[in-house]
Structure formats: structure tokens, C-alpha cells
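Below: the structure, in C-alpha cells.
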Amino acid sequence: MKLFFFGQLAEVTGKSEMEITNISDTETLLKKLEADFPKLKNLKFQISVDRKIGKGNVILENGSEIALLPPFAGG
Amino acid sequence: MKLFFFGQLAEVTGKSEMEITNISDTETLLKKLEADFPKLKNLKFQISVDRKIGKGNVILENGSEIALLPPFAGG
Amino acid sequence: MTEKKKHKVFREGPISPDFIADSISKHTTKTSIGAHDIFLGQVRADVINGKTVEAIEYSTYQEMAEEKLHEIRELAFTKFELTCMHIYHSLGKVKTGEISLFVFVSSPHRQSAFDACRWLVEEIKKDVPIWGKEIFGDETHVWKENKI
Amino acid sequence: MTEKKKHKVFREGPISPDFIADSISKHTTKTSIGAHDIFLGQVRADVINGKTVEAIEYSTYQEMAEEKLHEIRELAFTKFELTCMHIYHSLGKVKTGEISLFVFVSSPHRQSAFDACRWLVEEIKKDVPIWGKEIFGDETHVWKENKI
């Protein structure tokens with residue numbers, strides 16, 4: 001699965017994208033990311049799966065496109 | 001006193017302005033105008049005195065600038 | 001910083017897109033502005049009793065209109081947080097598809113810009129002595145009335 | 001008659017007044033339009049912790065943004081009586097005083113134009129994945145957050 005980081009999250013993690021495998025849902029993903037990038041704990045963001053922001057824990061499937069989205073600031 | 005006619009009222013009366021004298025207030029003026037120009041009776045308009053639209057009967061003074069204003073249509 | 005100087009509202013003929021672009025570009029130096037709201041009134045090809053409007057010919061009671069617009073401007077600056085405000089209205093003939101009213105409001109924040117622009121357009125339509133003759137292709141006409 | 005074709009929203013760098021004029025002039029042939037409302041977002045020289053913003057650098061999650069904008073457009077056409085609607089947003093660097101957002105709504109009547117334009121701007125700010133890095137003169141930056 002592809003995981004994208006945007007805005008401040010790309011800056012903090014030093015990555016704009018990475019491959020992830022063997023992660024079954026967004027809650028598990030979040031725990032792993034916070035372990036790998038402790039600074040994420042202090043930042044506000046949402047997780048999108050296949051370009052939709054889900055409510056609660058979302059199941060991830062092979063080929064899902066996941067993204068970490070900081071607060072929007074268009075305009 | 002100067003009396004101005006605007007928009008449709010200028011068209012109906014055939015005048016854009018006229019001098020009036022010896023008229024003490026707007027109610028008297030209105031009666032005289034409706035006698036001179038019967039078509040005015042069928043038209044909506046307001047009267048301004050010195051560029052203000054007054055409520056009720058307004059006293060006219062020498063030098064007052066009076067105007068007959070059809071419904072506004074700016075924009 | 002507010003700008004309250006009186007400016008010329010009435011312009012002969014339609015308001016051109018280039019004039020609007022020029023007005024917008026004058027605001028580049030005003031870096032406290034975060035939001036502009038622009039209202040444009042365009043002449044519609046309304047069909048009235050089977051005849052299509054081809055142009056509107058605008059006229060005004062200019063002294064009264066300018067006094068009223070001045071009051072409206074002053075009131076807008078007290079009611080809303082505005083950086084600047086510009087109002088232009090056509091006189092004379094404006095063809096269908098052309099622009100006859102240009103209201104341009106700028107503010108640090110969008111809510112004030114939206115509120116003020118909408119309020120201004122309503123005030124102008126309601127209180128400023130302007131008239132419009134809707135002219136048909138056969139040169140007959142009717143007198144326009146604003147809907148609330 | 002409504003126009004719903006997908007169009008390119010994102011543009012590299014600031015949105016120029018000439019581009020806006022050009023968009024306006026394209027509506028001259030649409031003679032059912034009576035009212036345009038245009039919102040422009042301009043980059044403010046905010047002072048943050050004693051340092052002045054000199055530019056915002058915008059980025060987006062383009063595929064998601066385009067899907068979301070498409071939904072917003074479709075919904076706007078069902079909610080409001082619109083003739084047409086155009087949305088443009090900058091990517092990359094936009095300096096203070098320059099324009100980064102251009103929302104252009106046209107309708108037969110002003111109330112729909114005002115309602116739709118304001119609604120669109122709020123939806124864009126709330127739901128479209130766009131980010132802005134506020135850059136200071138010393139090349140440090142902070143990340144912008146929209147106020148409601």
C-alpha cells in the first residue's frame with residue numbers, strides 16, 4: 001500500500017511517501033507511525049483511505065492509497 | 001422652486017423639469033400635478049425635497065429642490 | 001487603515017473587464033487585505049411580452065444618488081471591518097451581456113467582505129435613485145423595476 | 001442552461017487580474033446571467049511572532065482535491081440556481097498582495113450568486129486538501145491554518 005505525507009507531516013517525517021505492508025487498519029497504522037515518528041503525536045491530522053476521510057477505524061486493503069493530511073489551509 | 005421629473009415620469013409628463021411657485025407643501029403639489037398630468041395617478045413614485053424622501057406631508061420653502069422619483073432600478 | 005475618499009461612481013456606458021482588472025491590481029500593495037468580494041450586475045436578455053431586451057439605458061438623479069451613496073459608504077465602514085470599497089454604476093446604454101454595476105469590497109477576512117458586499121448591493125438597489133429603460137429590438141421599451 | 005464540465009482548478013503561481021478579466025469577458029455571450037459574484041483570496045502580510053509573511057507556498061493532494069472539488073461543484077448546481085461556476089486555486093509560491101483563490105459564480109439573480117459563492121468558499125476551505133507554508137523574509141516558515 002502507498003502512504004503519502006502532506007504539508008507539515010512530510011516535513012516532520014522527512015518523507016513524502018512510503019510503501020507499507022501487513023497493516024490491517026488505520027488504528028494499527030497510526031500506532032506504528034507514532035512509534036516510528038514520535039513528533040506526529042503533537043500534530044493534528046486526518047487519515048484518508050482511497051481519497052476519502054473515514055470515520056473511526058478503517059480497514060486497509062491491498063492497493064489502498066493512504067494519506068496523512070494536516071489541517072487544510074486553502075484560500 | 002425647481003421640480004424635476006425622472007425616468008418614466010419625465011416620459012409621461014413630457015418634461016424633465018419645471019418651475020413651480022405658490023405651493024406650500026407636497027400634498028398640495030401632488031394634487032396640482034395629478035390635475036395637470038392625470039396619467040400620474042396610475043404610476044408609483046416618491047417625492048424628494050432637497051434630495052431627501054420625507055414621510056407624510058412635507059412643507060416646501062422658497063428654493064426647495066423637489067423631484068418625482070419612480071421606483072429605483074439600479075444594478 | 002480605511003480609505004473613505006469620495007470617488008466617481010457613475011461611468012458612461014458599460015463597465016469593461018479591463019477596468020475591473022485594473023481595479024483589482026491596484027490592491028496588490030494593500031497587504032492587510034485577505035479577501036475581496038466583487039459583485040457584478042450584468043444586463044439580462046429578459047423576454048417581456050414576447051420581446052427580448054437588447055439593452056438598458058440608465059439614468060440617475062446624480063446629486064441625490066451621490067449623497068445617498070456617500071451615506072451608504074460611511075455606514076458600511078462603521079458596520080463592517082473593511083480595508084476599502086469601490087462602487088461603479090453605468091449611465092447611458094448598456095447592452096445585454098455587458099456589466100452595469102461593479103461593487104468591490106476588500107477586508108482582512110472573508111466574512112466581512114461577503115457581508116459588506118451583499119449589504120451594499122441591496123442598499124444600492126433599494127435607496128439610490130437610478131432608473132433603467134429596458135430597450136427591445138424594435139426600439140420600444142419598458143421601465144425596469146428591481147425585485148427584492 | 002448549466003455548464004458542468006470539469007475544468008482545471010490548480011494553477012502554478014498567483015492568479016493575475018488579467019486572467020480574471022478574461023474569465024469575466026467570456027460571460028458576455030451568456031445573456032441569461034444577471035449577477036456575478038467573485039471571491040478573491042489575497043495573501044496577507046500577517047505578522048507572526050514578530051516576523052512578517054512574505055509569501056505562501058501552496059501544495060495539494062491533487063487527485064483527492066479534484067475529486068472533492070468535483071463533488072462540491074455538483075452539489076452547488078443542485079443547491080443553487082446557477083448559470084456557471086469557476087474555481088481556480090494557486091499552487092507554488094504566491095507573494096503577499098497576490099491572489100491565490102478565485103471563485104466565480106454566475107446566476108440569473110443576485111441572491112443565488114451570493115449564496116453559492118459564499119457556500120463554495122467555505123466548502124473549499126473546509127474540505128479541499130490544500131496546504132500553505134507561510135514564508136518569512138528570513139526564509140523560515142510556519143504552516144497556515146484556516147480560521148472558520
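Excluded from the calculations below are hydrogen atoms, water molecules and symmetry mates; all remaining heavy atoms, backbone and side chain alike, are included. Each chain gets a letter, A, B and so on, in the order its sequence line appears, and its residues count up from 1.
- Using a 4.5 Å cut-off between heavy atoms, C:Ser90 makes no contact with chain B at all.
- The shortest side-chain heavy-atom distance between B:Leu69 and C:Tyr61 falls under the 4.5 Å cut-off.
- Within the 3.5 Å criterion, the main-chain N or O of B:Ala73 finds no donor-acceptor partner in the side chain of C:Tyr58.
- In B:Asn22, the CG atom is not crowded: 12 or fewer heavy atoms of neighbouring residues, nucleotides or ligands sit closer than 6.0 Å.
- Counted within 6.0 Å of CG on C:Asp138, heavy atoms from surrounding residues, nucleotides or ligands total more than 12; the atom is thus considered enclosed.
- To the nearest 0.5 angstrom, B:Phe6 atom CZ is 12.0 Å from C:Ile130 atom CD1.
- Remark: B:Glu19 CD is packed, more than 12 non-hydrogen atoms of other residues, nucleotides or ligands lying under 6.0 Å away.
- With hydrogens and angles ignored, the 3.5 Å screen pairs no side-chain donor or acceptor of C:Asn146 with any backbone N or O of B:Gly75.
- Comment: C:Glu71 engages B:Lys52 in a salt bridge, judged by a side-chain N to carboxylate O separation of less than 4.0 angstrom.
- No more than 12 heavy atoms of other residues, nucleotides or ligands lie within 6.0 Å of NZ in C:Lys93, so this atom counts as exposed by the packing criterion.
- With chain B as the partner, the residue from C:Glu57, C:Glu63, C:Gln42 showing the most heavy-atom pairs under 4.5 Å is C:Glu63.
- The side-chain heavy atoms of C:Met64 and B:Ile53, taken from C-beta on, include a pair separated by under 4.5 Å.
- B:Pro70 has its side chain within reach of C:Trp131: a pair of non-hydrogen atoms, C-beta onward, lies under 4.5 Å apart.
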- prompt: Could you walk me through whether B:Glu11 and C:His141 pass the side-chain hydrogen bond (donor to acceptor under 3.5 Å, both in side chains) check?
  reply: CA-CA 11 Å; B:Glu11 191 175 86; C:His141 66 262; 2.5 Å; yes

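- Separating the NZ atom in C:Lys68 from the OG atom in B:Ser48 is a distance of 11.5 Å, to the nearest 0.5 Å.
- How far CZ of B:Phe72 is from NZ of C:Lys126: 10.0 Å, rounded to the nearest 0.5 Å.
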